[in-house]
Amino acid sequence: MPIRLGDLAPGLKCRNAGASWLTFDIPFSTLEDLELVIRSGAINERMIAEIYGVPFEHVSIYVYKPAVAIKVTLPRASAAGGVDESDFDGAQQFAPLLDVEIA
Amino acid sequence: MTEVRLLANGMVGNGFSYRGFEAGLARMPHMIGCDAGTSDYGPGPLGGGRSIKPASSVRRDMDIMLRGARKLNIPLIFGSCGVAGAAPHLEETCAIMKDVAREAGLNFRMAIIHSDQSKESVKSALDRGDVRPLGNFSHLTAERVDQSAHIVAMAGAAPFMDALEAGADVILAGRATDPAIFACVALRAGIPPGVAWHAARSIDKGSLATTDVGGGSPVLATVTDDGFIIEPTKIGSVCTVKSVSALTMYENPDPWSIHQPSGAISTQFANFEQLDERRVRVTGSQFTPAPRPTVKLEGARIVGYRCSSIVGIRDPRLLAALDDFLDRLRDLTNRGAHSVGISQDEYSLTFRVYGRNAVMGDREPMRDAPIHEVGLLIDVVARTEAQSETLLQRCLSSGAKLEPVVGIPAGGNFAAPFSPNLLRLGPVFEWSAWHLLEVDDERQPFKLEIVEI
């Protein structure tokens with residue numbers, strides 16, 4: 001069975017970072033898990049860009065060791081708050097990341 | 001060495017632990033602060049000019065904090081009052097505060113920081129080229145400014161420091177950054193800005209700094225020149241390096257840099273250390289002053305009136321050809337609109353298919369997965385309330401009479417959960433301003449008013 005990101009980071013969540021960006025906080029239980037995911041290369045700009053339909057150069061990925069976390073930030077599809085908005089605070093956009101295979 | 005203790009609760013009206021708060025008071029804090037706003041709910045609260053937090057919940061939190069602050073004779077500071085922090089929201093909060101003070105028999109000096117921006121001043125700033133968009137928003141125009149119901153600027157620490165200088169016992173601020181509420185007291189005591197701002201940022205979400213967010217513990221920051229300690233004041237709650245450092249990146253695009261009007265909190269060299277099982281010490285935080293101060297502008301404009309309906313669809317034949325059904329329904333509704341003299345540029349009709357891709361839209365990878373039932377939210381936004389209701393009714397009646405699949409006799413199609421099955425949701429707003437305004441002095445966009453209570 002492949003390991004999925006959601007197995008290693010069940011606390012994975014996302015929110016708006018202001019109305020223009022969507023940001024994912026991906027916290028791990030241990031530094032070993034964090035390093036396993038970094039080494040696997042599974043979390044990369046191209047993969048995120050493909051899932052969320054944005055140019056890969058607009059995706060920022062940070063390794064934030066104090067919180068044992070990876071952070072991913074990308075522009076929202078449209079600025080939050082339009083008539084067609086479906087998720088004002090960007091709270092449920094992380095679901096596809098749970099299934100990303102790590103190894 | 002100077003030591004400043006800041007006692008924080010999360011958003012006012014969300015509740016907090018009373019015992020935890022009492023324990024916090026026993027630590028003799030130098031201030032009590034609480035955020036009261038957010039843009040997380042979208043432009044509705046700003047545009048509509050009303051808080052969406054129930055007054056009774058706000059009142060409970062305010063009452064406990066005010067009594068505590070007056071007992072210790074320390075400042076009580078609320079930022080972004082009434083969720084959106086424009087004039088009507090601030091008035092709402094002032095009225096509750098005055099009421100609470102009267103009942104408690106308390107007298108004090110109250111500072112009110114107004115964040116509203118006049119249309120003229122924003123337009124002059126546009127002319128000077130001092131306004132730029134944040135992220136993927138388009139450039140601000142004079143037309144958008146004129147259409148805005150309210151435009152507010154987000155205050156940094158300086159207006160709060162002025163209010164403290166004026167002897168305020170209580171500060172009610174319009175829109176402000178969350179950490180400014182707390183940083184002002186530490187900065188005024190001479191704490192270096194990197195330490196003061198990062199400490200403030202670590203407590204401005206209250207119990208979110210702990211591992212037990214639902215426990216509602218207030219959080220105490222003990223701040224000195226060389227760093228700060230974060231701890232919960234409720235027995236049983238704990239702060240960990242993980243829980244405290246996670247706040248530095250929360251709802252912020254970049255974990256290393258958090259922008260404020262006067263500069264950026266820089267955390268590249270911040271060191272988080274677990275002091276014991278419930279306290280975290282942070283050192284090495286820096287502050288990078290901005291070459292020119294900026295304040296964020298938020299504006300909301302009305303774009304129409306919303307009328308919606310939720311219906312269930314269970315017919316497997318209809319679900320198998322749902323897009324075709326919705327195309328036919330849209331076409332019929334458009335023709336109905338035309339027949340009653342509503343032109344297509346006066347409304348939008350959106351079908352939100354819950355159970356398929358309503359949450360993620362085009363980004364939904366499971367869009368074509370099998371479904372056995374969906375919730376269809378029919379969403380009409382039109383120029384007037386009457387138009388939106390007319391179109392919604394037309395869409396519902398057309399949908400019930402439509403063939404579920406071409407060639408199969410019409411059979412109702414929609415399971416209605418309510419009677420009447422129609423939600424009048426009132427005015428709809430969108431962000432008209434989400435921009436940065438460059439200023440010579442970060443105090444400039446704000447007005448300070450002093451009231452004796």
Counting distance only, does the side-chain N/O of [X] pair as donor-acceptor with the main-chain N or O of [Y] below 3.5 Å?
| X | Y | answer |
| --- | --- | --- |
| A/Lys71 | B/Pro255 | no |
| A/Ser20 | B/Leu134 | yes |
| A/Arg15 | B/Asp40 | no |
| A/Tyr62 | B/Trp256 | no |
| B/Lys242 | A/Pro27 | no |

Taking side chain as everything from C-beta outward and backbone as N, CA, C, O, which of these in [X] sits under 4.5 Å from a heavy atom of chain A? Side chain, backbone, both or neither.
| X | value |
| --- | --- |
| B/Ala246 | both |
| B/Ser39 | neither |
| B/Pro365 | side chain |

To check you understand the geometry: which heavy-atom pair defines the closest contact between [X] and [Y], and what is its length?
| X | Y | answer |
| --- | --- | --- |
| B/Glu430 | A/Gly82 | OE1-CA, 4.2 Å |
| A/Ala19 | B/Trp434 | N-CZ2, 2.9 Å |
| B/Gly42 | A/Phe88 | CA-CD2, 3.6 Å |

Quick one: are [X] and [Y] in side-chain contact, heavy atoms under 4.5 Å?
| X | Y | answer |
| --- | --- | --- |
| B/Met360 | A/Asp87 | no |
| A/Ile51 | B/Arg363 | no |
| A/Lys13 | B/Tyr250 | yes |
| B/Asn136 | A/Trp21 | no |

Review point. Under a 4.5 Å heavy-atom cutoff, which of B/Asp362, B/Asp254, B/Val241 has the most pairs with chain A?
Key: B/Asp254
Exercise for review: For each of B/Val359, B/Val381, B/Val428, tally heavy-atom pairs with chain A at distances under 4.5 Å, and name the one with the top tally.
Suggested key: B/Val359
Side chain, backbone, both or neither: which part of [X] has a heavy atom under 4.5 Å from chain B?
| X | value |
| --- | --- |
| A/Val63 | backbone |
| A/Phe28 | backbone |
| A/Thr23 | side chain |

Atom pair [atom1] ([X]) and [atom2] ([Y]), whose distance is rounded to the nearest 0.5 Å:
| X | Y | atom1 | atom2 | answer |
| --- | --- | --- | --- | --- |
| A/Thr73 | B/Asn252 | OG1 | CG | 8.0 Å |
| A/Asn16 | B/Glu251 | CG | CD | 8.0 Å |
| A/Arg76 | B/Phe137 | CZ | CZ | 9.0 Å |

Exercise for review: Look at atom CD of A/Glu50 and say whether more than 12 heavy atoms of other residues, nucleotides or ligands are closer to it than 6.0 Å.
Suggested key: no
Practice item. Go through A/Asp99, A/Val83, A/Val72 and name the one with the most non-hydrogen pairs under 4.5 angstrom from chain B. Key: A/Val83
Practice item. Would you mind telling me which of A/Val68, A/Leu22, A/Asp25 has the largest number of heavy-atom pairs within less than 4.5 Å of chain B? Key: A/Asp25
